[in-house]
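Predicted model, so just to flag it, every value in this text is computed and none were measured. Here is the naming used below: chain letters follow the sequence lines, and residue numbers restart at 1 for every chain.
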2 protein chains.
Amino acid sequence: MEETGKYKKGRQAPEPTLKRLPGYLYYLEQVREDGILNISAPTIGKDLSCDPTQVVKDLAFTGVKGKPRVGYNVYELIHSLEEYMGHNQVNEAFLIGAGNLGSALMAYQQEQALGLRIIAAFDIDKKKIGENIGGVHILEYSKLFSLSGRLNVKIAILTTPNQAAQEVAEDLINCGIKAIWNFTSVNLNLPEGIIVQNTSIGSYAAVLLRRLNDAGNNL
Amino acid sequence: MEETGKYKKGRQAPEPTLKRLPGYLYYLEQVREDGILNISAPTIGKDLSCDPTQVVKDLAFTGVKGKPRVGYNVYELIHSLEEYMGHNQVNEAFLIGAGNLGSALMAYQQEQALGLRIIAAFDIDKKKIGENIGGVHILEYSKLFSLSGRLNVKIAILTTPNQAAQEVAEDLINCGIKAIWNFTSVNLNLPEGIIVQNTSIGSYAAVLLRRLNDAGNNL
DNA sequence: CTTTAATAAAGAATTTATTCTTTATTTGTT
DNA sequence: AACAAATAAAGAATAAATTCTTTATTAAAG
Ligand SMILES: NC(=O)c1ccc[n+]([C@@H]2O[C@H](COP(=O)([O-])OP(=O)(O)OC[C@H]3O[C@@H](n4cnc5c(N)ncnc54)[C@H](O)[C@@H]3O)[C@@H](O)[C@H]2O)c1
Ligand SMILES: NC(=O)c1ccc[n+]([C@@H]2O[C@H](COP(=O)([O-])OP(=O)(O)OC[C@H]3O[C@@H](n4cnc5c(N)ncnc54)[C@H](O)[C@@H]3O)[C@@H](O)[C@H]2O)c1
């Protein structure tokens, strides 16, 4: 029978779900290391302090199937999550601005599966050129233009100081970059169609502070 | 007239709103630097690429009042946001694990108003003890216990490696810490009432990758 | 072989957040 | 002084996300 609109399958996971998936993945890798073969949504929910039906619904978006009385196969689940998040394809990225945060991210990508691979970093600081952090070489910024011509990199991680962000972002677009993971506070002004993923850790601080104040008022 | 339930004032901003507030604050500080005295929600919306009525609703939670045909007074608005987010009170924090990310955060707090002040960092690595990063002294981890007895610090930023996270978190609770800003991937298991703010940058990567894939399919 | 308990999956209801609409206020203009 | 335009604010409608409920499937126990 033909699929009607109402019952169309394979709807895209909503953003809140998508943001939870990396958390499941890390957790499941730990579970796998413990030699556990099957795991149920109620168990996941308990360990991650979240609603078990939400776990079921979240995981269902990846297409994985669980079995009643058994749960999910841990390997299948990990594979399904990685597949869904696009970790199996190669997602190469440049990093611009190898300072405090940039260096941290280069170190981080080694241990943690972010789903993308930083293949080169660029900086204008002569002292940093030539360094290797987390397996990533730091190159002179001007090399960005020639290198991007040869490689087909679509993603850039922007960790320059705020005042350089807009200008660097424009350069990146000229180099064929389609998506910018923006860690600066600047609201980049770029052509239609360019993906800008703003990333504000200040948001988390705001939530933390309120929760703390709320708790304090109940004492 | 007495306030009925339906019209109760001062309802707490929902979390999505709260997470947007730091973005407004940074933007408005730039606006202020440009010498602009008043700003309207439509202008903010255009600059930040978001819905102007959402801007109005978000800002209303801080208690600020705007004027038709004029907009908001930039100074008032900044003050109101800072007040609402608790930036005026002293929010002292310890940082545990002065590695790549910890160092980046120490450098960051100087320039950016996160609403909290890191007053000391702790590490077990002898090479790091004594260093000063972003105005923060790095102390021997064991000093945490004596120091927390004298000071009344409620917040800790956890940036140790994953495998140390649970143990360190337990130490922190014993030192009187009430809220942990957790940057590790570990799902901490702590007593009721302790606030744990998990912070996953992997979530942003997941969203970025999907947006890029979605865009790619439309070519 | 039947029954029972656990659980995934699907669907409904509720809650929450965003967007749209209307109203009222304020300033500048004629 | 009356009028027009811009805009904040309040309210209504829509959309989205979460939580609750029911159903059906499976494996284990009797
Ligand atoms: N440090 C953090 O924890 C943190 C957290 C969130 C966001 N941020 C933001 O990330 C950005 C970087 O922060 P940071 O602490 O790493 O700063 P940083 O000064 O340590 O690093 C910036 C790097 O960019 C390089 N750079 C400057 N101009 C450049 C240009 N035109 N082209 C290429 N490289 C250039 C500098 O040489 C430096 O190495 C800032 O916008 C900051 O607000 C930082
Ligand atoms: N680097 C990043 O960009 C990034 C981003 C997000 C999350 N994280 C997470 O943040 C954590 C830290 O990452 P990092 O890259 O800074 O690692 P890192 O190894 O550079 O830093 C960890 C620091 O903690 C110290 N440490 C180890 N055990 C300790 C203990 N018991 N008590 C006190 N200090 C101790 C180490 O000496 C080191 O200085 C990890 O869990 C990582 O997954 C990192």
- request: Measure from CD1 on A:I44 to P on C:dT7 and round the result to the nearest Å.
  value: 11 Å

message: Checking B:N100 against A:S103: is there a side-chain donor and acceptor pair closer than 3.5 Å?
response: no

- line: Rounding to 0.5 Å, atoms CG (A:N182) and OG1 (A:T199) come to a distance of 7.0 Å

- line: So CD1 of A:I36 and OG1 of A:T43: to nearest 0.5 Å the spacing works out to 8.5 Å

task: Please say whether the positively charged group of B:K65, taken as NZ for Lys or CZ for Arg, lies over the ring of B:Y72, i.e. under 6.0 angstrom from the six-membered ring centre and within 45 degrees of the axis.
output: no

- prompt: Which residues satisfy the side chain to side chain contact (heavy atoms under 4.5 Å, CB included) test with A:S200, sequence neighbours excluded?
  reply: A:S203

field: No-hydrogen, no-angle side-chain donor-acceptor test under 3.5 Å, A:Q30 and B:N187
entry: no

task: Using the six-membered ring wherever Trp is involved, compare the ring planes of B:W181 and B:F183 and label them parallel, tilted or perpendicular (cut-offs 30° and 60°).
output: tilted

- prompt: B:L59 has an atom CG; how far is it from atom P of D:dA9, in whole Å?
  reply: 9 Å

message: Can you tell me how far apart CD1 (A:I78) and CG (A:L28) are? Round to the nearest 0.5 Å.
response: 5.5 Å

- request: To the nearest Å, give me how far apart CD (A:Q12) and P (D:dA17) are.
  value: 11 Å

message: Please report the distance, rounded to the nearest Å, between CG in B:L18 and P in C:dT16.
response: 16 Å

task: Check DNA chain C against residues 27-42 of chain A and give the residues with a non-hydrogen atom under 4.0 Å, in numerical order.
output: A:S40, A:A41, A:P42

- prompt: For nucleotides 17-27 of chain C, read 5' to 3', which letter fits each nucleotide if B means a protein heavy atom sits under 4.0 Å from the base, S means only the sugar-phosphate is that close, and - means neither?
  reply: SSBB----BBB

task: Calculate the interatomic distance between A:K46 atom NZ and C:dT7 atom P; express it in whole Å.
output: 8 Å

